[in-house]
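What follows is a set of notes on a single structure, which appears directly below.
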Amino acid sequence: MSMIHIPVNTRVCLDAEVYKVVCHTESDELNLTCLRTGKPLLISARELAEKVVEGEASIDQQIPEMDTSLKGQLEKRFEAFSESDKAVARERLSYIHKVEELLVSSNLTMAINEVIKGAERGGKAIPPSFSAIWRWYDEWLKGGRNITALVPRHHLKGRRPTCLCNRSFEILHEVVEDHYLVRTPKTKLGVFNLFKSRLMKENKLYPEAGRMHIPSSRSIYRFLAGLNPYEVMAAQKGRRQADKVFAGVGPGIVAKFPLHIVQVDHQLMDIILRTKDGKVIGRPWLTLALDLYSRMPVGFYVSFDSPGYVSVMHCLKHAILPKEEYLKQVLAQFEAQPGTTSDANFGSIWPCFGVMDTLVLDNALEFHSQDLLDSCSQLAISVEYNPARTPHYKGAVERFFGTLNTKLIHTLPGTTFSNPEQRGDYNSDKSACLTIEDLEFLLTKFIVDEHAVTEHSTLKKLPLEKWQNGVREHPVRFISNQQDVAVLLFKVKVKKLTRTGIRIMGLNYQSHSLQILRQRLMTNSSGKPANPEVRIKFDPEDLAVIHVEDSRAKLFIPVNCTHETYALQLSIWRHRLIRKAMLKRKLDLRKVSEDDFLEIRQSLFEVAEELIESRQKRKRKAANRFTSEEKKAGNDNGPHPKTERTVEEQADDVSSDETFASPFHSPEELEDELKRRGWRTSRAGDPNQGGGEADA
């Protein structure tokens, strides 16, 4: 029988009981503790393995989520506590078992009240209070139904006042836990008054000689002051706030070389922008990727759209590719702005590019996109998510945002500052005069000419110098073909490949090589050929071309949209708006022509031009996005009309009734056909860059 390793804290179901692995002995035995009774059990790993194989035991390594205040206590063995503490825990467990029995036919409140009445009928002079039993039951559940969670937590009690007997101190502890160590705590005076009323109520049950002494308020105040300050703040304000005040600060995550760890985050920028025509749009979003090793930003993306997959994709693409062409493009855009008189230039370089090893993201919805995870997987990028509500795990990029605001954004016209108090009576809307192109240039110049050449307070070096020294010792990983990078960052879908090609959101994609691929993939196992499913990649910012995967040849085949003029540089977002407008006009989307698409697209462009001056921010931003995307596509006055295609171009299209010759059975024949017809291919994700061979 093979040995198995069972980690500490693993839960084991054995003989109708649930045990927890406390430790391993030197003789290769497991020391278990029953979670219901606290009784120990010693069993050899070999014997437990045999019981698991035979179905007499099961192992569950999933540890239920527990209260962090109980964690240190639960890690102790039940036998390690004193006999008095174990007796208290067993008594509390007896009340909990009675509550559990009554929960079958009633709710928790009714069950606890019934247990208290039963204790009084059974002769218990002073049964536990309702809040005490509720607290015990809650701690028991949070502790994974472990009896150790019911052991008294003396570390919270502080120093016991000398004027209190055992019973009065127990009452004080209950009052403190129920009314002081909670999110809505009573004042110290309130705690004293509640404690005093409890003592007076219980003293009525005893003769005068046996009554408990009522201490002064100062004694109770001293007791409360002696409680563990971390535990008090954790109970009243949460452990997150307590950690900020009391937890030690270490170096955190450490990167060993450039692009070892890259942190990505979004921020709504503290500035209002205008269009080139001077119309107010609103505040843009910044998505930024920061190299943790050098503290150099390696890529960013500015947009008026809320953060999503598209903004993350653009940011990663910007981070991976070299920046020389980008810097030239930014300069050209800035110099083309109306009113620009001085010659813009950059005094330094931006040498940061390459594929990162690890990408650190938060738990925002856009970072959990399957398309993003697939792209990172193909690029061999490891993705790590921060724990929920822990922004300090991305402290480097958060600090960069703060520096950017202080040194740049809050100095520009149209800034909103960080809060209304800072802004005062400054009118951000009236002062706004910058366009998104201006901001992109200023942001790039800040990164290149200020941040990169200013000594970093943590590194004690220039970020640019740190990067350059790092890449000499550890060269960055890079994909030379920019088309490969683009394809890898596209969205992914699985679609049916039919005789009419592939259909995405009402648009058809067809080519001769696509039908060759279809014939090769079709099966006849059921007597009737079935349309195969293929994986496609497409750019959500440009629906003109999709890339269809040929898994055998390990390449992607580019396929053009049959509505070429309409789909050129058309984003999914605009296409959805156009389809909605068509549905409102009750047009049949299966029968509309390209001219119908172009007509609706033109009419929406004209409406958007008017809505840019709308008072509603949402309409204003949407209108600006529509018109700016059209103008980026070269359509300054709206979409271009459809152009007639030549006879040769029409001959390349495939009708639904056309039959084909025998398919190509080797990737070499298929690739030759692609080259002959002038289609581009991408080997993105193919480890064999020299030439794909068909899988056996």
Side-chain angles (χ1 to χ4, degrees), residues 66-74 76 81-82 84-89 91-93 95-96 112 116 119 124-143 148-206 211-243 245-246:
M66 62 180 64
D67 187 352
T68 52
S69 65
L70 298 171
K71 186 176 179 182
Q73 181 167 316
L74 293 175
K76 297 180 181 179
F81 294 94
S82 66
S84 59
D85 286 345
K86 289 192 288 186
V88 171
E91 183 183 4
R92 292 176 176 179
L93 185 61
Y95 285 104
I96 289 174
I112 294 176
I116 294 173
K124 185 80 172 178
I126 307 175
S129 65
F130 177 90
S131 58
I133 297 178
W134 184 293
R135 185 179 66 252
W136 298 341
Y137 186 74
D138 182 58
E139 291 173 351
W140 185 63
L141 291 179
K142 288 180 178 178
T148 310
L150 300 176
V151 175
R153 287 181 281 166
H154 296 296
H155 63 284
L156 289 178
K157 293 182 179 179
R159 186 178 179 182
R160 172 177 168 176
T162 55
C163 57
L164 298 182
C165 64
N166 290 340
R167 177 56 188 159
S168 59
F169 181 61
E170 185 178 337
I171 293 173
L172 175 60
H173 179 54
E174 289 182 6
V175 171
V176 169
E177 282 208 338
D178 292 344
H179 301 284
Y180 190 68
L181 298 178
V182 292
R183 286 302 182 96
T184 54
K186 298 281 187 184
T187 62
K188 292 182 179 181
L189 178 61
V191 171
F192 170 73
N193 289 334
L194 286 170
F195 171 60
K196 181 179 178 181
S197 64
R198 283 281 304 272
L199 287 183
M200 295 174 66
K201 184 178 180 180
E202 286 211 16
N203 279 340
K204 292 179 181 180
L205 303 174
Y206 301 101
R211 290 176 181 174
M212 293 175 284
H213 170 70
I214 298 178
S216 66
S217 59
R218 293 182 63 184
S219 299
I220 305 306
Y221 293 169
R222 283 195 298 268
F223 171 78
L224 295 178
L227 295 176
N228 186 317
Y230 175 83
E231 296 294 345
V232 172
M233 182 171 286
Q236 295 180 350
K237 298 183 179 180
R239 296 206 168 264
R240 183 183 175 194
Q241 184 64 29
D243 287 337
V245 177
F246 294 100

Partners meeting side-chain hydrogen bond (donor to acceptor under 3.5 Å, both in side chains) with Q236 (sequence neighbours left out): none
Residues in ring-ring contact (aromatic ring centres under 6.0 Å, His included) contact with Y221, at least two apart in sequence or another chain: none
Qualifying residues under side-chain hydrogen bond (donor to acceptor under 3.5 Å, both in side chains), relative to T187, sequence neighbours excluded: none
Qualifying residues under side-chain contact (heavy atoms from CB on, under 4.5 Å), relative to K201, sequence neighbours excluded: none
Side chain to side chain, L181 and E231, heavy atoms closer than 4.5 Å: no
With S217 via side-chain hydrogen bond (donor to acceptor under 3.5 Å, both in side chains) - residues at least two apart: none
Criterion side-chain contact (heavy atoms from CB on, under 4.5 Å) on I112 and Y95, from CA distance to verdict: CA-CA 9 Å; I112 294 176; Y95 285 104; over 6 Å; no
Those residues that, when tested against Y137, pass side-chain hydrogen bond (donor to acceptor under 3.5 Å, both in side chains) (two or more places apart): E100
side-chain contact (heavy atoms from CB on, under 4.5 Å) partners of R183, counting only residues at least two apart: none
Minimum side-chain heavy-atom gap E177-H173 below 4.5 Å: yes
From NZ (K204) to CZ (R211), nearest 0.5 Å: 9.5 Å
Sequence-distant partners of L194, side-chain contact (heavy atoms from CB on, under 4.5 Å), two or more places apart: V175, H179, K186
Atom of W136, atom of L150 and distance for their closest heavy-atom approach: O-CD2, 3.4 Å
Minimal non-hydrogen separation, L93 against W140, with atom names: CD1-NE1, 3.7 Å
Pairs where residues 187-198 contributes a residue and the test salt bridge (Lys or Arg N to Asp or Glu O under 4.0 Å) is met, not counting sequence neighbours: E174-R198
Side-chain heavy atoms of F223 within contact of P215, under 4.5 Å: no
Q241: partners by side-chain contact (heavy atoms from CB on, under 4.5 Å), with sequence neighbours left out: M233, K237, K244, V245
Side chain to side chain, L224 and F192, heavy atoms closer than 4.5 Å: no
